[in-house]
> 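Just passing along the structure, written as structure tokens.
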Amino acid sequence: MPELPEVETVRRDLTARLLNKKIKAVEVLDLKLVGDLNNQLKGRSFTEILRRGKLLIFKSSRRGFFMLVHLKMTGQLIYLFKDQVSAGGHSLSNHSFEKAVGGELPNKHTRVIITFTDSSRLFFNDVRKFGYVKLVDEQELNRLIAKNYGPEPLEKLFDLIEFSNKLARRSINIKAALLDQKTVAGLGNIYVDEVLFAAGVRPQRPSSSLKMAEIAKIYQAIKKILTSAIKHRGTTFSNYVDGSGQKGNFSQKLKVYGRSKEKCVKCGSAIIKTKIAGRGTHYCGTCQS
DNA sequence: GTGTTTGTTATCAA
DNA sequence: CTTGATAACAAACA
């Protein structure tokens, strides 16, 4: 499940590899699309890759036009140099046969292929087809961001007082409030559970019931955990891979997510799993109150 | 066949 | 207009 750290890892990987490369062709294999990708992008290049929350924004050399990519649940963006075989999505093996089978692209989940003039390729894969690729102009992009996204948690505009005010006027539980991209952009199910564990706050607490000290702990935990997760190249729980098809390393650092019935790393109690805000939710009944 | 997985949006209710 | 609760989407896996 790509959340902010995973999307940021992909952004950095792709920025280092494909910036300013000329696009030879765009093949759309299966997707609901806005606009004609090939006609709009052929002969152009991407001059900058930005991110808002979990949304990737490819600035094109055609002034005022942007390609947006949302990975949603199972999307992947994998960039391969000419003749390179992806290493993503299968067990590590030195056998070239398995490597070729497991990593061969395109595969049946490939929806879009962008080929550059140096024969390198960018693959958009998505098993569950929730993700999208679309072209928008600057006005549409700005409208979309203003409507759907709160502050970036790792930027200075993420302000504790504003965050606290937002939480104070919501009656929903804190888990739902943090999943809301307008509260703060980029958290998803995994990192919300991790943040609330780090802050010692139960996910079912009404947002408006939180004390300032608790909100401050959550605020700090968001910054700390996201920063650390980016450093470890994200969490691979099912489908996520980075911009070259490799898994993330933060999975082993998770303290509650996916650890149902296992021992709490702090107190040894069994981690509880339940459903809150319609999502699988993990917490420690002893350390979080 | 059933339940579970989740980012986001649609839909409905208040 | 807002807020909140829930279903829906889609496909794989246990």
Side-chain angles (χ1 to χ4, degrees), chain A residues 1-11 29-34 51-57 68-77 88-91 102 107-112 124-134 136 140-141 143-150 152-153 165-196 203-209 226 229 234-241 248 251 254 256-261 271-283:
Chain A
M1 289 65 77
E3 304 178 28
L4 187 151
E6 292 75 36
V7 178
E8 176 64 14
T9 300
V10 170
R11 188 193 72 77
L29 307 178
D30 171 23
L31 203 69
K32 321 155 242 182
L33 280 175
V34 178
R51 180 189 55 71
R52 244 359 209 96
K54 303 166 194 168
L55 180 68
L56 279 169
I57 305 163
L68 306 184
V69 180
H70 203 303
L71 302 175
K72 292 282 179 87
M73 295 191 49
T74 56
Q76 303 174 326
L77 272 178
H90 62 100
S91 59
N107 60 33
K108 65 176 176 176
H109 303 306
T110 300
R111 314 295 175 196
V112 179
F124 174 68
N125 304 324
D126 189 11
V127 171
R128 287 168 60 179
K129 302 193 215 180
F130 277 22
Y132 63 77
V133 177
K134 66 178 179 182
V136 296
E140 173 69 4
L141 175 64
R143 194 194 64 81
L144 205 138
I145 289 173
K147 177 169 170 275
N148 297 311
Y149 294 93
E152 281 294 318
N165 288 339
K166 255 182 209 169
L167 294 181
R169 57 173 185 256
R170 301 272 256 154
S171 67
I172 52 174
N173 60 60
I174 184 62
K175 167 128 187 178
L178 293 177
L179 283 172
D180 184 345
Q181 301 298 294
K182 278 172 274 192
T183 306
V184 54
L187 295 176
N189 203 35
I190 296 174
Y191 293 107
V192 166
D193 281 5
E194 294 298 311
V195 162
L196 290 175
Q204 50 276 79
R205 287 272 302 280
S207 176
S208 56
S209 78
L226 294 182
T235 301
T236 295
F237 212 80
S238 52
N239 286 257
Y240 167 73
V241 291
S251 319
L254 297 177
V256 287
Y257 186 88
R259 297 195 65 245
S260 175
K261 294 176 184 169
I271 297 299
I272 298 165
K273 182 178 180 187
T274 181
K275 188 169 267 197
I276 298 173
R279 298 292 174 241
T281 300
H282 315 69
Y283 68 99

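Throughout, protein chains are lettered first and strands after them, A, B, ... in sequence-line order, and every chain is numbered starting at 1. Predicted model, so just to flag it, every value in this text is computed and none were measured.
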> Mind checking the P distance from C/dA10 to B/dT11? Whole angstroms is fine.
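The answer is 14 Å between these two P atoms.
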> At a cut-off of 3.5 Å, list every protein nitrogen or oxygen paired with a nitrogen or oxygen from nucleotides 8-10 of chain B, distance to 0.1 Å.
from  : atom 1 : to     : atom 2 : distance (Å)
B/dT8 : OP1    : A/H70  : NE2    : 2.0
B/dT8 : OP2    : A/K54  : NZ     : 3.1
B/dT8 : O4     : A/R279 : NH2    : 2.7

> A/K273 near the nucleic acid: base, sugar-phosphate alone, or nothing, with a heavy-atom cut-off under 4.0 Å?
sugar-phosphate
> Do A/E3 and A/Y240 have side-chain N/O donor and acceptor atoms under 3.5 Å apart?
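No.
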> How would you list, by chain and number, every residue that makes a salt bridge (Lys or Arg N to Asp or Glu O under 4.0 Å) with A/R143, sequence neighbours excluded?
A/E140
> Who passes side chain to side chain donor-acceptor pair (under 3.5 Å) against A/K175, sequence neighbours left out?
A/N189, A/D193, A/T281
> Sort by first number and list every stem of DNA chain B: at least 3 consecutive Watson-Crick or G-U wobble pairs, both distances under 3.5 Å.
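Looking at DNA chain B, the stems formed by three or more consecutive pairs are B:2-5 with C:11-14, B:7-14 with C:2-9.
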> Can you list the residues that meet the ring pair (Phe, Tyr, Trp, His ring centres under 6.0 Å) rule with A/Y257, with sequence neighbours excluded?
A/F237, A/H282
> Check side-chain contact (heavy atoms from CB on, under 4.5 Å) between A/T110 and all other residues, then give those that pass, not counting sequence neighbours.
A/L29, A/L105, A/P106, A/N107, A/I113, A/F123, A/N125
> So, using side-chain contact (heavy atoms from CB on, under 4.5 Å) as the criterion, who are the partners of A/Q204 when residues are at least two apart?
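With sequence neighbours excluded, A/Q204 shows a side-chain contact (heavy atoms from CB on, under 4.5 Å) to A/R202, A/I276, A/Y283, given in chain and number order.
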> Between C1' on C/dT3 and CG on A/L167, what's the gap in Å once rounded to a whole number?
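Computing the A/L167:CG to C/dT3:C1' distance gives 15 Å.
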> Applying side chain to side chain donor-acceptor pair (under 3.5 Å), can you list everything that pairs with A/N239, at least two apart in sequence or on another chain?
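Not a single residue meets the side chain to side chain donor-acceptor pair (under 3.5 Å) criterion with A/N239.
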> What integer distance in Å separates A/R169:CZ from C/dT3:P?
7 Å
> Under the side-chain contact (heavy atoms from CB on, under 4.5 Å) rule, collect the residues that match up with A/N148, sequence neighbours excluded.
A/L144
> Starting at atom CG of A/D180, determine the distance to atom C1' of C/dT2, rounded to an integer number of angstrom.
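One finds 13 Å between C1' of C/dT2 and CG of A/D180, rounded.
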> Excluding sequence neighbours, so at least two apart, what forms side-chain contact (heavy atoms from CB on, under 4.5 Å) with A/S209?
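Counting only residues at least two positions away or on another chain, A/S209 forms a side-chain contact (heavy atoms from CB on, under 4.5 Å) with A/R205, A/P206.
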> When you compare the protein's N or O atoms with those of nucleotides 12-14 of chain C, which come within less than 3.5 Å of each other, and at what distance?
none

> Could you list the residues that satisfy side chain to side chain donor-acceptor pair (under 3.5 Å) with A/R51, not counting sequence neighbours?
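Testing A/R51 for side chain to side chain donor-acceptor pair (under 3.5 Å), a comparison that skips the adjacent residues, returns A/E8, A/E152.
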> Starting at atom NZ of A/K129, determine the distance to atom P of C/dC9, rounded to an integer number of angstrom.
14 Å
> Just how far, in rounded Å, is C1' of B/dG7 from OH of A/Y240?
16 Å
> Nearest whole Å is fine: how far is B/dG7 C1' from A/E3 CD?
9 Å
